Amino acid sequence: MLPLIGLALEQLVQWKFGTVGGLALLLLVVGFKSKNSTCAGIGAIVLALLAMQPGMG
């Protein structure tokens, strides 16, 4: 069940933010799984910047 939720979340992010959003989500997940705060931080910052773009929403 959990992989299905993860796949749905990834598809939602890619639909809303495009390929860059998908890559940022990938960085975030890989960073958390490998306990690499730099990688997770970069992914989180890119997702936040994409979410704050004018004209989105």
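Only a predicted model underlies this, so the values are computations on that prediction, with no experimental measurement involved.
Side-chain contacts under 4.5 Å among hydrophobic residues (ILVMFWY), followed directly or transitively, place Trp15 together with Leu12.
Under a hydrophobic-cluster definition in which Ile, Leu, Val, Met, Phe, Trp and Tyr are linked whenever side-chain heavy atoms come within less than 4.5 Å, directly or via other members, Val20 and Val13 are assigned to the same cluster. Side-chain heavy atoms closer than 4.5 Å link hydrophobic residues (I, L, V, M, F, W, Y) into clusters, and following such links, possibly through other members, connects Phe32 to Leu25.
Summarising the geometry, atom CG belonging to Leu50 is positioned 10.5 Å from atom CG belonging to Leu23; distances are rounded to the nearest 0.5 Å.
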Compile the donor-acceptor pairs under 3.5 Å between side chains in residues 34-49 and protein atoms, sequence neighbours left out, one pair per line.
from: Ser34; atom 1: OG; to: Val30; atom 2: O; distance (Å): 2.8
from: Asn36; atom 1: OD1; to: Thr38; atom 2: N; distance (Å): 3.1
from: Asn36; atom 1: OD1; to: Cys39; atom 2: N; distance (Å): 3.3

